[in-house]
Amino acid sequence: MRAFALVDCNNFYVSCERVFNPKLEGRIVVILSNNDGNVISRSPEAKAAGIPMGAPWHEVRPELERVSGLALSSNYVLYGDMSARVRMIFDELAPSVEVYSIDECFLDLGNIAGLDLEAHGREIGQRVRQWTGIPVGVGIGPTKTLAKAANRLAKKNGGVFSLFEKAAIRAALAGMDARDVWGVGSRWSKKLEERGIHSALALADADPRFIRKGFSVVLQRTCYELQGISCIALEKAPPPKKQIIVSRAFGKKVTTQQDLKEGVSYYMTRAAEKLRSGRLAARTLSVFAHTNHFSKKDHQYSSATSVSLEVPTDNTGELIHHALEAIERVYKPGYRYHKAGVMLLDLSPAESTQTELFATDSCWQPELMQAIDTINGQMGRGTIRYGSEGFRTTWRRKSNHCSPRYTTRWDEIPKAGN
DNA sequence: TCTGGGGTCCTAGGACCC
DNA sequence: TCTGGGGTCCTAGGACCC
């Protein structure tokens with residue numbers, strides 16, 4: 001029998017902070033996105049207080065202060081490390097695991113003789129809680145979509161919920177809106193409602209051919225999955241990346257080409273690191289910059305350009321060189337730039353890269369890149385960097401309320417007794 | 001003053017080939 | 001008067017996810 005478990009960490013970012021700062025327990029706490037822009041994680045108390053997910057901080061800040069709520073900048077180094085710790089526990093408790101996001105994994109629990117699924121779900125929850133301090137919910141079902149649905153119910157039912165019997169599945173889906181089904185977003189849920197499909201059960205009972213015709217094969221699969229027919233397999237190994245994007249809003253509006261170039265150099269450095277960590281090389285790169293489209297008084301401008309290389313590369317210096325030439329074409333004076341970014345496309349495995357007989361601009365320095373990565377890995381990001389990134393901090397992101405990197409830096413390790 | 005970042009997949013339509 | 005058929009590749013846009 002097929003059985004999937006979806007384990008997700010409750011309020012993951014807030015929970016990570018609470019592990020190291022117990023004073024946050026019981027309080028209204030939110031975590032802010034990059035640049036302290038939006039609310040991206042909320043403690044249960046913050047949810048109860050009606051702070052909406054995704055709300056711009058500047059909008060909810062007065063209310064948050066009124067109720068003595070706390071806002072923290074996101075600390076991705078900490079969350080990434082905690083995520084890896086949680087994942088290691090799953091590896092011990094399931095034969096295969098798909099890492100679905102930073103706070104969610106699918107586990108394959110099918111065809112294990114004598115396994116009591118719910119008891120195993122409780123074991124998973126207890127072990128993660130005890131070993132990492134992170135609370136999780138476990139949903140179990142015969143398809144990934146039903147495991148997701150069960151996970152919603154797990155939150156209200158002591159952390160574990162399984163959906164296998166037909167009657168139980170129908171009852172659960174009847175009480176669930178179609179818009180809350182995994183794979184149904186706001187556009188499709190609206191369209192479904194126009195066709196009289198309001199509940200998850202109605203979607204399960206819809207004619208898959210009708211869904212295929214009116215929507216797409218993607219929603220048709222969802223429809224089958226709700227019926228208990230598994231169409232979406234567990235991905236044991238992550239598929240190779242197709243693109244790498246690094247982009248950020250600036251801490252302050254950027255007006256000069258020099259600041260834009262420093263930003264792009266920094267983003268490309270990050271992107272090239274990601275590239276090498278996946279043992280990939282890129283043949284196409286693209287850069288973009290735009291003004292703040294929320295602003296009513298600013299003149300709007302947005303532009304992007306891409307560059308194709310003769311030979312794929314993973315060399316930071318070469319990528320920065322092309323990105324800076326490209327950004328000169330993107331930059332137009334007279335605008336207040338809000339955000340810029342780089343994309344790496346046309347990715348291929350680095351070791352099988354074809355060299356070009358007549359290539360003139362190729363620079364392939366694997367030893368240098370490896371040395372830089374090793375030093376930065378040990379001494380901290382940016383210990384060695386390219387000069388084009390600059391030393392000023394004018395354009396860098398705001399992150400004014402960030403907690404220490406408790407688990408990955410010796411000098412920021414938590415101290416007992418104070 | 002202030003509104004995130006990073007991905008994937010599918011489809012339709014146009015260009016192009018023989 | 002009459003103007004083919006089959007196929008691939010690429011891109012833009014739309015949908016979704018966290």
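Note on naming: letters A, B, ... go to the chains in the order of the sequence lines (proteins, then strands), and numbering restarts at 1 for each one.
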>> Nearest to the A:Ser247 side chain among B:dG6, B:dT3, C:dC16, which nucleotide is it?
In response: B:dG6
>> Of the options B:dT11, C:dC18, B:dG4, whose atoms approach the side-chain atoms of A:Ile40 most closely?
In response: B:dG4
> From the list C:dC16, B:dC2, C:dC18, which nucleotide is the closest neighbour of the side chain of A:Trp188?
Replying inline: C:dC16
> Which nucleotide in the list B:dC2, B:dT3, B:dT8 gets nearest to the side chain of A:Arg336?
Replying inline: B:dC2
> Where each pair must be Watson-Crick or G-U wobble with both distances under 3.5 Å, what dot-bracket representation of DNA chain B is obtained, with crossing pairs in [ ] and other-strand partners as |?
Replying inline: ....||||||||||||||
> Can you tell me how far C1' of B:dT1 sits from CZ of A:Phe250, to the nearest Å?
Replying inline: 17 Å
> Roughly how far apart, to the nearest Å, are B:dC16 and C:dG4 at atom C1'?
Replying inline: 16 Å
> Rounded to the nearest Å, what distance is computed from the CD1 atom of residue A:Ile102 to the C1' atom of nucleotide C:dC18?
Replying inline: 10 Å
> Is a salt bridge present between A:Arg187 and A:Glu193, judged by a nitrogen-to-oxygen distance below 4.0 Å?
Replying inline: no
>> I need the CD-P distance between A:Glu98 and C:dC18, as an integer number of Å.
In response: 12 Å
> Starting at CG of A:Leu347 and ending at P of B:dG6, how long is that distance when rounded to a whole Å?
Replying inline: 15 Å
>> Under 4.0 Å, counting only non-hydrogen atoms across every strand here, what does A:Phe215 touch: a base, just sugar-phosphate, or nothing?
In response: nothing
> Are A:Lys23 and A:Glu17 close enough for a salt bridge, meaning some N to O gap below 4.0 Å?
Replying inline: no
>> In this structure, how many angstroms lie between the C1' atom of C:dC16 and the NZ atom of A:Lys144, rounded?
In response: 14 Å
>> Both A:Tyr13 and A:Arg221 contact DNA chain B. Which one's nearest nucleotide lies toward the 5' end?
In response: A:Tyr13
> Should A:Arg276 and A:Asp314 count as an ion pair when the cut-off is N to O under 4.0 Å?
Replying inline: no
>> Would you say A:Lys241 places a side-chain N or O within less than 4.0 Å of OP1 or OP2 belonging to B:dG6?
In response: no
>> B:dG5, OP1 or OP2 - any side-chain N/O from A:Lys339 closer than 4.0 Å?
In response: yes
> How close or far is atom P of B:dG4 from atom CD of A:Glu59, stated in whole angstroms?
Replying inline: 11 Å
> Do A:Asp177 and A:His198 pass the side chain to side chain contact (heavy atoms under 4.5 Å, CB included) test, and can you show the C-alpha distance, the side-chain angles, and the key distance before you say yes or no?
Replying inline: CA-CA 6 Å; A:Asp177 287 337; A:His198 302 281; 6.0 Å; no
> A:Lys242 near the nucleic acid: base, sugar-phosphate alone, or nothing, with a heavy-atom cut-off under 4.0 Å?
Replying inline: sugar-phosphate
>> Measuring from the side chain of A:Ser101 (C-beta onward, heavy atoms only), which nucleotide among B:dG7, B:dG6, C:dC18 has the closest atom?
In response: C:dC18
> Can you find a side chain N or O atom of A:His338 that sits less than 4.0 Å from OP1 or OP2 on B:dC2?
Replying inline: no
> With respect to the side chain of A:Trp182, which nucleotide from C:dC17, B:dC10, C:dC16 is positioned closest?
Replying inline: C:dC17
> Given B:dT8, B:dT11, B:dG6, which nucleotide is nearest the side-chain atoms of A:Arg248?
Replying inline: B:dG6
> Can you check whether A:Ala249's main-chain N or O pairs, donor with acceptor, with A:Asn35's side chain at less than 3.5 Å?
Replying inline: yes
> Does the side chain of A:Arg329 pick up a donor-acceptor pair with the side chain of A:Thr305 at under 3.5 Å?
Replying inline: yes
>> Less than 4.0 angstrom from a charged side-chain N to a carboxylate O is my criterion; do A:Arg396 and A:Glu389 meet it?
In response: yes
> If you look at every strand shown and take non-hydrogen atoms under 4.0 Å, does A:Leu32 touch a base, only sugar-phosphate, or nothing?
Replying inline: nothing
>> Just to be sure I understand the rule, does A:Lys297 reach a base, reach only the sugar-phosphate, or reach nothing, if contact means heavy atoms closer than 4.0 Å?
In response: nothing
> A:Lys190 near the nucleic acid: base, sugar-phosphate alone, or nothing, with a heavy-atom cut-off under 4.0 Å?
Replying inline: nothing
> Rounding to a whole Å, what distance do you find between A:Arg270:CZ and B:dG5:C1'?
Replying inline: 15 Å
> Between A:Glu194 and A:Lys191, is there a salt bridge with N-O shorter than 4.0 Å?
Replying inline: no
>> Could you check whether any side-chain N or O of A:His120 sits under 3.5 Å from a backbone N or O of A:Leu93, counting only pairs where one atom can act as donor and the other as acceptor?
In response: yes
>> Just the rounded figure in Å: distance from P of B:dC10 to CD of A:Gln220.
In response: 12 Å
> So, is A:Lys274 near the phosphate of B:dG7, with a side-chain N or O under 4.0 Å from OP1 or OP2?
Replying inline: yes
> If you check every side-chain atom of A:Ser186, which of B:dT11, C:dC16, B:dT3 has the closest atom?
Replying inline: C:dC16
> Contact class for A:Asn35 (heavy atom, under 4.0 Å): base, sugar-phosphate, or nothing?
Replying inline: nothing
>> Ring of A:Tyr337, cation from A:Lys253 - is the NZ or CZ under 6.0 Å from the centre and inside 45° of the axis?
In response: no
> Does A:Lys296 make a side-chain N or O approach to OP1 or OP2 of B:dT3 shorter than 4.0 Å?
Replying inline: no
>> By the 4.0 Å heavy-atom rule, please label A:Ser41 as base, sugar-phosphate, or nothing.
In response: nothing
> B:dT3, B:dT8, B:dG6: which one has an atom nearest the side-chain heavy atoms of A:Asn292?
Replying inline: B:dT3
> Side chain of A:Gln243: nearest nucleotide among B:dC2, B:dG7, C:dC16?
Replying inline: B:dG7
